[in-house]
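Have a look at the structure below, then the notes.
None of these values were measured; they are calculated from a predicted model. Protein chains get the first letters and strands the later ones, always in sequence-line order, with residue 1 at the start of each.
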There are 2 protein chains.
Amino acid sequence: MQTVRKDIHNSDIPLLCQSCEARHQGICGSLTPEQLVAVSKSTRRVRRAPGEELMADAEPIASFANVLRGVVKLTKVLEDGRQQVVGLQFAPDLLGRPFATESRVSAEAASEVDLCLIPKSVLESMLTESAPLERRVMLQALRELDEARDWMVTLGRKSAAEKVASFLYLIATHIDPTDEGEVTTFDLPLSRADIGDFLGLTIETVSRQMTRLKADGVIEIHNYRHVTVPDLARLRLRCG
Amino acid sequence: MQTVRKDIHNSDIPLLCQSCEARHQGICGSLTPEQLVAVSKSTRRVRRAPGEELMADAEPIASFANVLRGVVKLTKVLEDGRQQVVGLQFAPDLLGRPFATESRVSAEAASEVDLCLIPKSVLESMLTESAPLERRVMLQALRELDEARDWMVTLGRKSAAEKVASFLYLIATHIDPTDEGEVTTFDLPLSRADIGDFLGLTIETVSRQMTRLKADGVIEIHNYRHVTVPDLARLRLRCG
DNA sequence: CGAGAAATTGACTCTCGTCAAGATGTGTGG
DNA sequence: CCACACATCTTGACGAGAGTCAATTTCTCG
């Protein structure tokens with residue numbers, strides 16, 4: 001539950017929202033302080049462990065969620081079990097498909113994630129009332145469409161080596177953590193199996209290509225998950 | 001140029017819009033007759049031959065366009081020339097990326113197409129004025145996102161045989177022309193090379209898989225482009 | 001320290017890409 | 001109306017890249 005100022009006429013923004021990423025770059029950035037106070041009564045912060053399912057394919061959607069921390073993977077599966085990761089969501093993305101009665105993907109926490117849940121009905125009525133909010137949501141949809149199309153090129157036309165390099169480059173440029181100059185270090189939010197499902201490859205092929213990149217000095221690998229990229233430009237060259 | 005009723009206070013819709021597909025299912029369906037009259041002063045109908053470029057990657061966008069007839073392919077290319085088709089647009093889709101200064105894909109007429117051009121500035125200011133229009137555009141973006149993600153599964157996880165079947169199924173269900181019961185007949189809007197670029201395959205592989213489907217009686221091929229599907233359900237089974 | 005999961009590595013197979021003819025269809029000019 | 005040229009598509013032979021199957025190694029966590 002949210003902690004809100006007693007006086008709702010006070011236009012200060014709710015305490016919890018003040019330090020929230022979504023407040024700034026996320027969809028909440030398009031709301032007035034008053035709207036933020038109103039909506040914060042219906043929202044709820046939750047933490048989810050890696051592997052937890054957040055939304056199931058073909059299931060009715062009860063809530064949307066702002067991703068506040070961590071990485072969420074969106075997947076689709078064929079009848080026979082073949083799986084494809086169709087998108088990754090980072091903070092401060094909005095999770096959930098507006099105006100659909102049911103989800104067309106499943107969403108799963110890839111790392112530990114913090115979410116800010118907002119009931120479907122609340123968000124959808126706010127969309128109708130707030131043009132800036134609707135605009136912001138549309139812009140996210142358009143950005144996701146651009147990303148999906150970029151990834152289609154990777155899936156359709158790149159070699160296994162280029163696919164793995166492209167994935168590492170994507171993560172390196174989206175996590176941007178301890179970056180000292182050109183050196184980038186991060187923890188992969190996905191297992192080898194998930195990376196394979198993202199790239200349309202098998203675990204073994206992903207592993208072999210990672211080993212190769214390591215042997216070529218393009219990346220360093222510590223503990224499977226922890227990766228250092230000494231020179232992003234050099235990794236970029238491997239992306240095809 | 002549009003033919004418009006002289007009396008702009010008359011709320012009848014413009015003559016050309018009356019018979020227009022976009023007026024009904026397309027984005028113009030969200031406009032009032034008055035708005036339609038206003039916008040029709042800026043629009044222009046054009047015809048484009050197959051192969052003509054409609055919009056170039058990384059080029060500034062001057063106009064949007066409603067697709068009124070035919071098929072438009074959206075493509076991306078890698079530096080070394082490898083190409084990927086990232087989307088197909090049918091009537092009454094809106095062509096062009098709102099709120100981007102430049103296109104991130106190239107658009108090319110796949111068949112002969114009729115377009116209704118509308119200047120970028122006109123559409124964008126209308127988007128701000130008309131919430132129903134903005135809603136309609138957002139819904140199209142969300143639908144395209146769903147389609148892109150469906151296609152990512154095809155690109156990443158299906159065999160060549162399943163890819164070709166999936167493509168034929170897509171076309172058969174989007175062109176829906178002379179359909180007598182379950183029998184569907186149509187002209188492929190794409191060459192073998194384009195189909196290969198859509199599926200992440202070579203022309204040779206596309207050709208071999210088509211031959212196989214023909215040999216198995218799933219499709220009939222006349223004159224390369226003209227295809228008959230006697231039983232859509234049977235084709236569906238081949239899609240994986 | 002030991003058990004189990006996750007990742008790596010190796011040997012082999014098979015699908016799909018490459019290269020090279022050959023076939024089919026379309027359009028032009030005599 | 002036919003002959004020729006050019007595009008597009010099909011077919012075949014071959015090889016490379018990624019998948020499959022099976023150990024083996026490395027990490028994580030009781």
Side-chain angles (χ1 to χ4, degrees), chain A residues 49-51 73 78 80-84 108 110-112 154-168 187-216 219-227 238 240, chain B residues 49-51 73 78 80-84 108 110-112 154-168 187-216 219-227 238 240:
Chain A
K73 65 175 215 264
L78 259 27
D80 63 2
R82 279 176 287 178
Q83 192 169 67
Q84 177 68 44
E108 188 180 310
S111 62
E112 186 177 83
T154 300
L155 287 173
R157 286 303 183 197
K158 291 188 184 177
S159 69
E162 291 167 338
K163 284 179 177 180
V164 171
S166 301
F167 170 75
L168 291 170
D187 280 312
L188 291 176
L190 268 56
S191 67
R192 297 289 187 275
D194 286 338
I195 298 173
D197 285 343
F198 193 30
L199 297 170
L201 299 172
T202 59
I203 313 182
E204 293 93 330
T205 300
V206 172
S207 180
R208 278 186 253 269
Q209 298 302 335
M210 299 266 288
T211 306
R212 222 180 122 87
L213 285 172
K214 184 171 75 171
D216 293 355
I219 59 172
E220 293 158 26
I221 306 178
H222 326 85
N223 296 350
Y224 296 150
R225 288 287 187 118
H226 198 67
V227 174
R238 303 285 186 125
Chain B
K73 65 175 213 263
L78 259 25
D80 61 4
R82 281 176 286 178
Q83 192 171 68
Q84 177 68 44
E108 188 181 308
S111 61
E112 186 176 84
T154 299
L155 287 173
R157 285 305 184 196
K158 291 188 184 176
S159 67
E162 292 166 338
K163 285 180 177 180
V164 172
S166 300
F167 170 74
L168 292 170
D187 280 313
L188 290 176
L190 268 56
S191 67
R192 297 290 187 272
D194 286 339
I195 298 173
D197 285 342
F198 192 30
L199 296 171
L201 299 172
T202 59
I203 9 183
E204 293 92 332
T205 299
V206 172
S207 180
R208 278 186 252 270
Q209 298 302 335
M210 299 264 291
T211 306
R212 222 179 119 87
L213 285 171
K214 185 171 75 172
D216 293 355
I219 59 172
E220 292 158 27
I221 306 177
H222 326 86
N223 294 351
Y224 298 149
R225 288 287 187 116
H226 197 68
V227 174
R238 302 284 187 128

Using a 4.5 Å cut-off on heavy atoms from C-beta on, say whether the side chain of [Y] contacts that of [X].
| X | Y | value |
| --- | --- | --- |
| A:Phe167 | A:Leu188 | yes |
| A:Arg82 | B:Glu162 | yes |
| A:Pro189 | A:Arg225 | no |

Please state how far atom [atom1] in [X] lies from atom [atom2] in [N], giving the value in whole angstrom units.
| X | N | atom1 | atom2 | answer |
| --- | --- | --- | --- | --- |
| A:Lys163 | D:dG19 | NZ | C1' | 12 Å |
| B:Ile219 | D:dC9 | CD1 | C1' | 14 Å |
| A:Tyr224 | C:dT9 | OH | P | 9 Å |
| B:Ile195 | D:dT8 | CD1 | P | 13 Å |
| B:Gln209 | D:dC9 | CD | P | 16 Å |
| A:Arg82 | D:dT20 | CZ | C1' | 15 Å |
| B:His226 | C:dG25 | NE2 | P | 14 Å |
| B:Arg192 | C:dG17 | CZ | P | 16 Å |

Where the side chain of [X] meets the backbone of [Y], is there a donor-acceptor pair that is under 3.5 Å apart?
| X | Y | answer |
| --- | --- | --- |
| B:Lys163 | B:Leu199 | yes |
| A:Arg238 | A:Leu213 | no |
| B:Arg192 | B:Ile203 | no |
| A:Gln84 | A:Phe198 | yes |
| B:Arg157 | A:Leu201 | yes |

So, is D:dA7 syn or anti if syn means the angle is within 90° of 0? syn
Could you tell me which non-hydrogen atom of B:Leu155 sits nearest to which non-hydrogen atom of A:Gly156, and how far apart they are? CD2-CA, 4.2 Å
If every non-hydrogen atom of A:Ala160 is compared with every non-hydrogen atom of A:Thr205, which pair is closest and at what distance?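 Reported closest heavy-atom pair: CB-CG2, 3.7 Å.
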Of all the choices, D:dC9, C:dA7, D:dA18, which nucleotide is nearest to the side chain of A:Ser191 once you look at every atom?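 The listed nucleotide nearest to A:Ser191's side chain is C:dA7.
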Any residue of residues 197-208 of chain B with a heavy atom less than 4.0 Å from an atom of DNA chain C: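 Within residues 197-208 of chain B, the residues near DNA chain C are B:Gly200, B:Leu201, B:Thr202, B:Glu204, B:Thr205, B:Arg208.
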Angle, rounded to 10°, between the helical axes spanning five pairs at each terminus of the helix from C:dC1-D:dG30 to C:dA23-D:dT8?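 Comparing the axis at each end, I get an angle of 40°.
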Are the charged groups of A:Asp197 and A:Lys73 less than 4.0 angstrom apart, N to O? no
Nearest-nucleotide wise, let me know which of B:Ala193 and A:Ala161 is further upstream toward the 5' end of DNA chain D.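 Of the two residues, B:Ala193 wins.
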Check nucleotides 28-30 of chain D against the protein and report each pair of N or O atoms closer than 3.5 Å, with its distance, or say if there are none.
none

